Amino acid sequence: MNPTNYLYLSAILFSIGAVGVVVRRNAIVVFMCIELMLNAANLAFVTFAKMNGNLEGQVIAFFTMVVAACEVVVGLAIIVTIFRSRRSASVDDASLLSR
Amino acid sequence: MTSDNLVYFIALPLFSAALLMLLGRKADKWGHLFATAVSASTFVIGVMEFLAMRDRAEESRAVTQKLFTWISVGDFNVDAGLLLDQLSIAFVLLITGVGTLIHVYSIAYMSEDRDRRRFFSYLNLFIAAMLLLVLGDSYLNLYVGWEGVGLASYLLIGFWNQKPEYATAAKKAFVANRVGDFGLSIAVMIAFANFGAVSFVGIEEKVGGASETALTAMGLMLLLAATGKSAQFPLQAWLGDAMAGPTPVSALIHAATMVTAGVYLITRSNFVFDNAPNAQLAVVIIGAITLLFGAIIGTAKDDIKKALAASTMSQIGYMIMATGFGPAGYAFAIMHLLTHGFFKAGMFLGAGSVMHGMNDEVNMRRYGGLAKFMPITAITFGLGYLAIIGVPPFAGFYSKDKIIETAFNAGGAQGIIFGSTALLGAIITAFYMTRVMMMTFFGNKRWADDAHPHESPFLMWAPMAVLAVGSVTSGYLLYNGKAIVNWLAPVVDPHHHEHTELLPPIVVSALAVGAVLIGVGIALAKYRGELAANAPQDVSVFTRVARRDLLQDDANEFLFMRPGQKLTEVLVKTDDKVIDGVVRGVAASTLGSARGMRKLQTGYVRNYALLILLGALAALVAILVVTL
């Protein structure tokens with residue numbers, strides 16, 4: 001199969017993620033969209049590795065996964081804390097800087 | 001010749017002034033005695049230097065002392081150096097001699113004042129500065145002394161500065177003097193630009209190669225300096241108000257010494273003026289205007305000190321006029337300066353003595369018939385009076401007569417005009433001084449009932465007596481065998497100019513004595529009988545103008561003060577609207593743009609995310625555009 005298609009898929013996934021981050025209010029969904037963008041990037045790395053015939057892209061993908069895992073831990077902790085204090089997971093409610 | 005003693009002239013009084021100021025109240029008990037002793041010691045040094053100088057040959061009489069290298073920049077070197085020559089020694093003896101007498105007088109005069117020590121430290125400061133002025137060997141050193149006497153004068157005029165109008169008088173004197181000082185500093189700059197030197201010797205050597213324009217400019221600036229310090233037209237207005245100071249100050253600073261600094265300056269700069277005839281003419285004109293100006297004011301003043309101050313102005317006008325006649329006049333200017341130092345200081349001390357006995361009353365219309373109560377004051381004052389109006393053989397006769405003679409001998413129309421001006425001045429002088437004499441010591445008693453006129457203590461009348469002796473004899477001593485002319489000749493007339501004679505001396509003397517008789521006669525006719533205790537108000541417009549000091553303050557107000565205030569207002573507005581406007585505008589625009597930019601920071605996470613996204617897109621597009 002033509003590897004370019006993987007890149008198209010990656011671009012579509014990234015765009016969905018990006019639009020999701022901007023559009024959705026729920027912090028959990030925003031979070032998932034960020035994961036989606038990260039994984040789109042991962043897909044692109046892996047595809048480039050396949051296209052160029054070396055392993056560097058694969059290696060970067062592992063790094064990204066580790067970073068994503070850490071990010072999930074920290075991010076979920078923040079979201080849970082916000083939810084506890086406000087009984088809401090809407091990102092628009094957490095807007096103390098606007099005042 | 002060099003000498004190591006000159007520095008003591010300045011160091012001793014300066015040390016004493018500093019000591020009395022630093023010790024404060026601790027020195028209250030002995031400060032006045034210490035200051036008087038220091039002043040007397042400078043007089044002793046002066047006499048010793050004079051005797052030593054007299055014994056030396058004429059060409060080696062001047063002595064110098066280099067104190068230290070003051071300025072050394074490239075090939076411009078100024079040493080702080082002192083020069084004592086025939087001209088300086090005359091001033092040194094006058095300053096320290098009259099100064100010491102006035103110190104003695106002040107011990108008694110100021111005995112009731114709780115700040116007597118401060119007064120004496122200022123007096124010593126003045127002595128130090130004045131000696132530096134006449135001993136400096138360059139214009140720059142002279143300038144330091146020049147400013148120093150200005151400071152001392154300011155401090156002493158405003159000595160009783162708890163009275164606001166006295167403090168104002170001090171400021172007025174200081175400001176008027178600043179205008180003159182500015183002229184002196186410009187003259188120094190002109191000298192440096194043209195000769196590359198500021199010392200008297202250095203300039204005198206190179207003066208032949210300079211353009212007349214430069215010399216005229218320098219001469220006019222020196223004249224401006226002289227008009228400021230010596231209260232000459234048009235900077236004369238401060239002297240009358242300067243009488244706010246204690247009377248010994250008026251006698252020492254504003255009669256005998258400081259106000260004659262302008263005469264010294266012009267005489268010292270003879271090498272400049274002798275090569276700049278236009279500047280000389282300006283000097284003569286200024287002197288002639290002032291001698292009439294002061295004399296006319298003197299006729300209208302009821303305040304005894306202000307009448308004497310107007311007289312000082314007029315007499316210095318005579319001296320300035322004499323210096324303008326060049327080598328023919330310098331010696332006579334200095335001679336009149338010395339005799340004037342005696343009789344005017346003596347009369348001021350006499351006025352102080354009268355005030356002392358009359359509860360500090362200064363209005364002559366409240367005096368009258370005081371000769372009976374203050375015989376010594378009346379006699380000493382009277383001798384000074386005879387000297388100033390120029391009755392032979394008193395001191396003023398010799399000196400003023402010689403100035404009138406020099407004026408007539410200037411030749412041509414100038415000689416006639418200035419000679420007659422000087423004669424007219426002599427008539428008016430005789431008139432107003434007779435008026436002062438009559439109103440104070442003779443006529444009917446007009447003082448208030450609580451005044452108890454009495455003779456002053458010994459410490460006050462002794463200096464007056466010494467000065468009175470000077471008023472009688474100094475003219476003869478100075479002029480006998482042309483002593484002063486020959487003494488000063490190496491300094492002021494090194495080339496021995498021949499002087500033409502328009503009128504023989506005896507005719508001029510007769511004219512001068514005639515002038516005196518006319519003036520005295522008019523005054524006697526007018527002020528002989530009973531006088532009212534209040535000045536008449538229904539007087540002619542001329543009297544009114546003279547009482548207002550010939551509108552000198554009104555003129556200054558109209559010409560300088562009001563335009564100055566307008567200019568200040570405009571500048572304040574410019575500063576406020578334009579300069580501050582720019583600053584405030586920058587601040588306001590920063591604030592405004594910050595307000596706009598702040599709207600971008602909404603505080604919503606999704607907004608930031610969108611901006612990041614757009615930024616990333618923009619970056620991508622930019623990379624694409626560049627690579628394609």
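Just so it is clear, the model here is predicted, and its values are computed rather than measured. Every chain is numbered from 1, with letters handed out A, B, ... down the list of sequences.
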Check the surroundings of atom CD in A/E56: do more than 12 heavy atoms from other residues, nucleotides or ligands lie under 6.0 Å from it?
no
Say whether, by atom type as modelled, one donor and one acceptor occur between the side chain of B/R606 and the main chain of A/V23 under 3.5 angstrom.
yes
Taking only residues at least two apart or on different chains, which pairs with a member in residues 14-34 of chain A satisfy salt bridge (Lys or Arg N to Asp or Glu O under 4.0 Å)?
A/R25-A/D92
Considering only heavy atoms, give the residues of residues 160-178 of chain B separated from chain A by less than 4.5 Å, sorted numerically, with 'none' for an empty result.
none
For chain A, find which of B/I612, B/L610, B/V605 contributes the most heavy-atom pairs closer than 4.5 angstrom.
B/L610
